[in-house]
Amino acid sequence: MLTLTWILIRIILTSRHHVSVLLLEMFSSLVVAVLGFFCFSLETNASPLGPPLLYGPDVALDGHVVEFGCRVLRPPGEPLLLQLFRQGLRSRALAFYTSLDGSPAVFPMVVRRASHEGNLECVASVQNNSRIQPSVSPPHRLKVLVPVGGATLAIRSREEEFFEGERLVLSCNVTSGNYVSYSWLLDDQPPPGPTPQPGPAPQPGPAPHHTHPDLLIPRAGPQHSGSYVCVASNRYNDTEVYRAASPKVMITVKELASRPDLSYAVEKQNQTFSARVTCLSSRGTPPITFSLLGGAVLLARQTSEQGPSASFSVPLVPDAPPRRLRCRAENGGRVADGTETAVHVAPVGGPVTLTYEYITAEDFSVTAVTFFCRVAKGSHPRFQWFLNGTLLGPDAPAFYTLLQPSARQSVLLLPVDRRSSGTYHCRVSDLYDNTTGVPSGKLYLDREALNRLSSAVVAMVFSCFGLVIACVSACCCAGLICRRRKERLKPTWTSEVKGVVLAFEEDLDWEEYREKAEGLTAAGLESHLQEALASEEEEEQRPENRETQRRTRSDEENTEP
């Protein structure tokens, strides 16, 4: 048909007539329409093929035989070709199966990690019918597990021995295996963190698993020293676990030497004095090199292989100015300098004084006594206390307490009871030479004597009491005398007035008295008063008025209680 069409087109093209051109255009349109209809009919006759379904295990062991299945949900009724591919690699089929009646395909195969790890897909196509397009199943993820083996431990940070504060990095390597998790053991226990936490030690438990093969400790400490083991493992379907443990690797984290403390003891031999100086670090891994410095001058140096301390001998001169010494410690990590200490010696001398203080209760009774023993001179004194001439030592009854708040003073605390009664004194000698000593005075302690009032106190109390009584008595007598004087003056005046009132009250002419009172002036007041007094005296001289006064006084005396 295409050949015929091409011949017609050549005939028309060879014609030079105008009609031939029009016929050519019409014929071309017809040919295009026929071809389009033919292609459409081919596509319409091709029945679609639904996507197949691929199923099988998600995890498989490397080298083991597994089966996968693939089936078409709506088979076309024609023979089907089912092929298994790795996604993205259609050039090589992993397995294939021909289904004549639409039955599912079964793909048994030996799984290899290099070939089958990843996404698998099943491609279904109709044999001998190119009009039906092939279809592809959704991808199926397959994990091929290789059992772990050949674990080894490597130190990636430094050597097997290093100082604290540095970083420790260990790596666990395996010769075979995938999907591996790693755990670490330090002396058969999970290793601690970078810094130890306060509180009780953690209980042993399973080591945590990590997917990263490295163990990182940013700041290792002495607690991270020990034997390390790396355990690599992987799991198949939660039923089989494969493990591989590395050989043990010993890690030693050394302690840095701390600041050394300086202490000394004075020694005397044949009138020669020396100081036994000890440099001590609270921590540090031996060997530690200790240096004794006097200012900036190195006096001695010593390396300790066993412990964090060293001792030196320094000559001393009695009563000389103190020497400023300090210690230095180093064990390869860093240098640690201690503080300066004054080293000197001064023999005991001067007076030894013994004083005391009382401790009283709420009722002012003495319950305890504190003795103080002080020495005037001495750099290393030894204090000894005596009760009735017996040394108070460890074998004595423990009814007392000894304190030494300073180098030149000792304190003895005593309860006041029958055990503590007696005579006390102290003795001070040199700590390095006990052959000579300076005693103090003696003090007697007695409970009854302390709580008994002295005669002077009793006399003072009674004197004060008598003085108070005398003052009260004097006040009472003075008040009584004053009262009697007042009572003696008061009755005379009142009786006279009452007698006058009784004698003349009825005879008074109140109108005349009022007129006279209104006529009184400030200028004539005194003369009227004198006249009134003179008239009263004359009236008293009369016999009848005297009798009236006598009766009035007798009545007042009878009415008084």
Side-chain angles (χ1 to χ4, degrees), residues 261-268 273 275-278 280 282 318-319 322 339 341-461:
D261 296 327
L262 188 147
S263 62
Y264 71 98
V266 178
E267 299 176 349
K268 180 181 179 183
F273 293 87
R276 176 61 58 181
V277 179
T278 301
L280 175 63
S282 60
D319 297 326
T339 58
T341 303
V343 178
H344 69 290
V345 58
V348 170
V352 176
T353 58
L354 182 62
T355 58
Y356 61 91
E357 290 181 358
Y358 293 147
I359 300 176
T360 58
E362 294 181 357
D363 57 352
F364 300 101
S365 61
V366 180
T367 58
V369 177
T370 304
F371 287 107
F372 301 92
C373 182
R374 298 181 180 89
V375 62
K377 177 186 175 183
S379 59
H380 299 78
R382 172 188 294 168
F383 293 89
Q384 293 175 317
W385 290 89
F386 296 86
L387 172 59
N388 297 327
T390 303
L391 177 65
L392 295 178
D395 299 334
F399 64 91
Y400 60 90
T401 302
L402 284 175
L403 301 174
Q404 190 165 345
S406 64
R408 295 187 181 181
Q409 179 177 333
S410 179
V411 179
L412 176 64
L413 303 178
L414 293 170
V416 177
D417 53 17
R418 290 179 298 176
R419 298 177 301 172
S420 60
S421 298
T423 303
Y424 290 86
H425 78 279
C426 66
R427 180 176 178 269
V428 185
S429 61
D430 291 315
L431 189 62
Y432 51 85
D433 186 7
N434 198 25
T435 58
T436 59
V438 181
S440 68
K442 297 181 179 181
L443 291 176
Y444 180 72
L445 176 64
D446 185 27
R447 178 182 181 183
E448 297 180 357
L450 288 176
N451 294 308
R452 184 188 305 138
L453 295 177
S454 62
S455 58
V457 175
V458 174
M460 183 178 296
V461 172

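T390 places none of its side-chain heavy atoms less than 4.5 Å from the side chain of L392. Counting heavy atoms from C-beta outward, Y432 and E267 have side chains that stay 4.5 Å or more apart. Looking only at side-chain heavy atoms (C-beta outward), V352 and P439 stay at 4.5 Å or farther from each other. Proximity of W385 to Y400: side-chain heavy atoms (C-beta onward) are nowhere separated by under 4.5 Å. With contacts defined as side-chain heavy-atom distances shorter than 4.5 Å, the pair T355/R374 qualifies. Taking the side chain as every heavy atom from C-beta outward, L413 and V411 approach each other to under 4.5 Å. In this structure the side chain of H380 reaches within 4.5 angstrom of the side chain of Y264, judged on heavy atoms. Residues F273 and H344 are not in side-chain contact: their nearest non-hydrogen atoms beyond the backbone lie 4.5 Å or more apart.
Screening V416, T370, L414 for a side chain to side chain contact (heavy atoms under 4.5 Å, CB included) with I359, the sole residue that qualifies is T370. R408 pairs with exactly one of V375, V428, V348 by the side chain to side chain contact (heavy atoms under 4.5 Å, CB included) rule, that one being V375.
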CA sep, side-chain torsions, deciding dist, call: T360, T367, side-chain contact (heavy atoms from CB on, under 4.5 Å) | CA-CA 5 Å; T360 58; T367 58; 5.9 Å; no
Check step by step if side-chain contact (heavy atoms from CB on, under 4.5 Å) holds for L262 and T278.
-> CA-CA 6 Å; L262 188 147; T278 301; over 6 Å; no
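K442 and T423 get closest at one heavy-atom pair: CB-CG2, 3.6 Å. Across all their heavy atoms, C426 and L354 have their closest contact at SG-CD1, 4.5 Å. Heavy atoms only, all atoms of each residue included: T436 and R427 are closest at C-NH2, 3.7 Å. Residues P415 and S420 approach most closely at O-OG, 2.5 Å, considering heavy atoms. The two residues P318 and P347 come nearest to each other via the heavy atoms CB-CD, 4.3 Å. Closest approach of F383 to C373, counting heavy atoms only: CE2-O, 3.7 Å.
Between the CG atom of L412 and the OH atom of Y356 there is a distance of 15.0 Å, given to the nearest 0.5 Å. Taking CG of L431 as the start and OG of S379 as the end, the distance is 9.5 Å to the nearest 0.5 Å.
Of the possible polar contacts, none joining the S429 side chain to the G437 backbone as a donor-acceptor pair under 3.5 Å is found.
Side-chain rings of Y424 and F371 approach one another, their centers coming within less than 6.0 Å.
The existence of a salt bridge linking R382 and D433 is excluded, since no basic side-chain nitrogen approaches an acidic carboxylate oxygen closer than 4.0 Å.
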